[in-house]
**Q** 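Right, I'll just put the structure down here and ask away after.
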Amino acid sequence: MGSLPPSLDLPSPPLGKPPHLQLLSETTLLNLFKSQQNHLNYFFQNLDFSQALSFTQTLLNSRGTIFFSGVGKSGFVASKISQTLVSLDIRSSFLCPLDALHGDIGALSSADVLVLFSKSGSTEELLRLLPCARAKGVYLISVTSVSNNALANACDMNVHLPLERELCPFDLAPVTSTAIQMLFGDTVAIALMGARSLTKEQYAANHPAGRIGKSLIFKVKDVMKKKDELPICKEGDLIMEQLVELSSKGCGCLLVIDDEYHLLGTFTDGDLRRTLIKASGEAIFKLRVGDMCNREPRTIGPDAMAVEAMQKMESPPSPVQFLPVIDHQNVLIGIITLHGLVSAGL
């Protein structure tokens with residue numbers, strides 16, 4: 001191959017000292033955290049709770065969708081708060097002010113509430129959106145941190161979020177103002193959650209793929225093995241004749257049953273090892289499962305929560321890898337394993 005053109009020649013890595021590393025003292029960082037804490041305390045100490053209550057009541061009593069809007073960092077906060085409300089089973093959506101003026105405003109109706117987040121209250125995109133939203137009959141609320149601003153004066157309601165200053169040394173980068181916006185919005189969201197008496201089951205229904213939802217939705221019967229997947233045997237079966245059943249079903253045990261499928265006990269890999277240690281000679285070939293099985297295994301019902309099964313497996317005196325699943329008449333209907341729970345995302 002020919003050499004690279006001069007413009008594509010790659011420079012050799014520099015020799016000598018590594019690049020200069022900039023260091024930040026622990027004291028400097030600690031002081032920044034303390035300053036931010038003080039700024040947040042200022043917010044809590046000066047917030048007008050009558051405004052916060054009126055705002056929360058308005059959202060609670062909304063008959064339509066609660067829309068949020070904002071630009072830049074305030075827009076990210078507004079979108080996040082909207083997503084939180086949706087996860088709490090409250091109709092909400094984020095409305096991009098630019099897209100709204102190009103057709104998306106059609107989503108608004110007179111039953112809706114539109115919440116506009118802006119630190120200054122002078123954001124041009126929001127001010128241009130206001131008359132169009134008002135023409136749709138929407139109830140308008142501004143959430144701002146500067147007193148007597150244009151946005152607040154044009155809305156039906158304003159919530160003032162007290163801001164001492166930004167943590168930024170130039171008092172410019174919106175790092176404290178966005179923090180109090182998020183604190184305010186998320187706290188109101190939890191207030192709405194409580195007022196609407198949202199249950200764990202309703203919350204979980206909106207989070208089916210996450211661990212939170214799975215722990216609140218999945219029951220033992222949803223993740224247990226059953227029927228042909230069960231490693232079953234009778235108490236009179238010879239242990240040596242059940243080794244294939246013990247190993248082939250991937251449960252690490254045998255479930256000992258009678259003719260009516262009542263659970264009599266369990267025989268585990270550990271029981272097999274202990275049997276091999278104790279037995280000698282030809283005696284091992286004569287031992288039956290019923291001679292060595294555990295007659296008092298931990299069990300669980302099919303309607304118990306899957307997370308409860310995991311807790312039961314891990315409980316004292318020693319953890320186990322599986323639980324036989326039985327009905328109220330001690331009839332075996334399945335088995336739930338630790339591996340199965342982990343595979344299900346619990």
Side-chain angles (χ1 to χ4, degrees), residues 199-276 284 286-346:
T199 65
K200 278 187 177 182
E201 291 72 23
Q202 290 172 318
Y203 182 80
N206 292 334
H207 300 77
R211 185 168 183 177
I212 295 174
K214 290 177 180 178
S215 67
L216 295 174
I217 292 177
F218 280 14
K219 293 186 176 182
V220 168
K221 61 186 177 184
D222 298 322
V223 293
M224 71 180 186
K225 292 186 175 184
K226 45 195 171 185
K227 296 182 180 179
D228 294 340
E229 299 177 291
L230 301 182
I232 57 175
C233 69
K234 301 294 181 63
E235 60 180 337
D237 293 339
L238 294 173
I239 290 176
M240 299 305 291
E241 293 179 354
Q242 294 299 317
L243 295 184
V244 173
E245 185 75 5
L246 176 62
S247 60
S248 64
K249 297 297 177 64
C251 297
C253 70
L254 292 170
L255 302 173
V256 188
I257 59 172
D258 63 15
D259 292 337
E260 286 76 38
Y261 250 72
H262 293 109
L263 181 68
L264 302 179
T266 60
F267 183 83
T268 67
D269 291 337
D271 293 326
L272 176 61
R273 288 191 294 272
R274 286 185 286 274
T275 299
L276 294 175
I284 183 67
K286 298 179 181 179
L287 283 175
R288 301 185 183 278
V289 176
D291 299 330
M292 304 299 294
C293 72
N294 174 17
R295 297 281 180 169
E296 297 182 352
R298 298 179 204 177
T299 61
I300 198 164
D303 292 319
M305 302 306 295
V307 68
E308 180 185 338
M310 179 173 286
Q311 294 167 351
K312 199 166 188 177
M313 290 182 195
E314 297 172 344
S315 63
S318 59
V320 296
Q321 300 293 311
F322 67 91
L323 292 174
V325 184
I326 58 175
D327 66 12
H328 63 284
Q329 294 181 325
N330 197 43
V331 173
L332 179 70
I333 56 177
I335 185 172
I336 187 167
T337 65
L338 183 61
H339 180 268
L341 289 170
V342 173
S343 297
L346 292 162

**Q** Evaluate side chain to side chain contact (heavy atoms under 4.5 Å, CB included) for Leu272 paired with Leu243, printing each intermediate quantity in order.
**A** CA-CA 9 Å; Leu272 176 61; Leu243 295 184; 3.8 Å; yes
**Q** With no hydrogens and no angle check, is any side-chain donor or acceptor of Asp222 less than 3.5 Å from a backbone partner on Lys219?
**A**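 Such a contact is found between Asp222 side chain and Lys219 backbone.
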**Q** Got Pro324 and Leu332 here, is their nearest side-chain heavy-atom distance under 4.5 Å?
**A**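 In short, these two side chains touch, coming nearer than 4.5 Å.
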**Q** Which atoms form the tightest heavy-atom contact between Arg288 and Gly236, and what is the distance?
**A**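 Heavy-atom minimum between the residues: NH1-O, 2.6 Å.
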**Q** Would Lys312 and Glu308 pass as an ion pair if we require N to O under 4.0 Å?
**A**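 Glu308 and Lys312: not salt-bridged.
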**Q** Taking side-chain contact (heavy atoms from CB on, under 4.5 Å) as the definition, give me every residue that meets it alongside Asp237, ordered by chain and number, with sequence neighbours left out.
**A**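 Asp237 satisfies side-chain contact (heavy atoms from CB on, under 4.5 Å) with Cys233, Lys234, Gln242, Val289 only.
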**Q** Roughly how far, to the nearest 0.5 Å, is the OG1 atom of Thr337 from the CE atom of Met310?
**A**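 Here the interatomic distance stands at 9.5 Å.
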**Q** Do the side chains of Glu235 and Arg295 get nearer than 4.5 Å, heavy atoms only?
**A**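 Touching, per the 4.5 Å side-chain cut-off.
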**Q** For Ile232, is there any backbone N or O sitting under 3.5 Å from a side-chain donor or acceptor partner on Glu245?
**A**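 A pair under 3.5 Å: yes.
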**Q** Identify which one of Ile335, Ile336, Leu246 satisfies the side-chain contact (heavy atoms from CB on, under 4.5 Å) criterion when paired with Cys251.
**A**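 Going through Ile335, Ile336, Leu246 one by one, the side-chain contact (heavy atoms from CB on, under 4.5 Å) with Cys251 is satisfied by Ile335 alone.
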**Q** Could you check whether atom NE2 of His262 has more than 12 heavy atoms from other residues, nucleotides or ligands sitting under 6.0 Å from it?
**A**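 Counting other residues, nucleotides and ligands, NE2 of His262 exceeds 12 neighbours.
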**Q** Is it true that a side-chain atom of Arg273 and a backbone atom of Thr268 form a donor plus acceptor pair closer than 3.5 Å?
**A**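 Between the backbone of Thr268 and the side chain of Arg273 there is no qualifying donor-acceptor contact (under 3.5 Å).
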**Q** Give a yes or no on this: more than 12 heavy atoms of other residues, nucleotides or ligands lie within 6.0 Å of atom CG of Asp303.
**A**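 Counting other residues, nucleotides and ligands, CG of Asp303 exceeds 12 neighbours.
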**Q** Taking CD in Gln321 as the centre, count heavy atoms belonging to other residues, nucleotides or ligands within less than 6.0 Å. Is the count above 12?
**A**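 Result for CD/Gln321: open.
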**Q** May I ask you to test the Val320-Pro297 pair for a side-chain heavy-atom distance under 4.5 Å?
**A**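 No, side chains not in contact.
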**Q** Do Asn294 side-chain atoms and Gly265 backbone N/O form a donor-acceptor pair below 3.5 Å?
**A**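 Not at all, since once roles are kept as given, no pair shorter than 3.5 Å links the two residues.
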**Q** Would you call Ile333 and Lys226 a side-chain contact if the rule is heavy atoms closer than 4.5 Å?
**A**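 Ile333 does not reach Lys226 side chain to side chain.
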**Q** Distance from Ile239 atom CD1 to Asp291 atom CG, nearest 0.5 Å?
**A**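 Rounded to the nearest 0.5 Å, the CD1-CG separation comes to 6.5 Å.
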**Q** What verdict does the side chain to side chain contact (heavy atoms under 4.5 Å, CB included) test give for Val331 and Glu260, after you've listed the backbone C-alpha separation in whole Å, the side-chain angles of each residue and the deciding distance to 0.1 Å?
**A** CA-CA 8 Å; Val331 173; Glu260 286 76 38; over 6 Å; no
**Q** Roughly how far, to the nearest 0.5 Å, is the CG atom of Leu263 from the OH atom of Tyr261?
**A**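 Result: 11.5 Å between the selected atoms.
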**Q** I'd like to check Thr266 versus Leu255 (side-chain heavy atoms, cut-off strictly below 4.5 Å). Are they in contact?
**A**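 They are in contact (side-chain heavy atoms under 4.5 Å apart), so the answer is yes.
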**Q** Looking only at heavy atoms, what is the nearest atom pair of Phe267 and Met292, with distance?
**A**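 Scanning both residues, the minimum pair turns out to be CE1-CB, 3.7 Å.
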**Q** If you look at every heavy atom in Lys225 and Lys249, which pair is closest and at what distance?
**A**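 In this case the closest contact between Lys225 and Lys249 is NZ-O, 3.0 Å.
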**Q** Could you tell me which non-hydrogen atom of Cys293 sits nearest to which non-hydrogen atom of Val256, and how far apart they are?
**A**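 Closest approach of Cys293 to Val256: CB-CG2, 4.1 Å.
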**Q** CG/Asp269 to CZ/Arg274 distance, rounded to the nearest 0.5 angstrom?
**A**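 Result: 10.0 Å between the selected atoms.
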**Q** Any chance you could measure Gln311, atom CD, to Leu341, atom CG, to the nearest 0.5 Å?
**A**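 Reported to 0.5 Å precision, the distance equals 11.0 Å.
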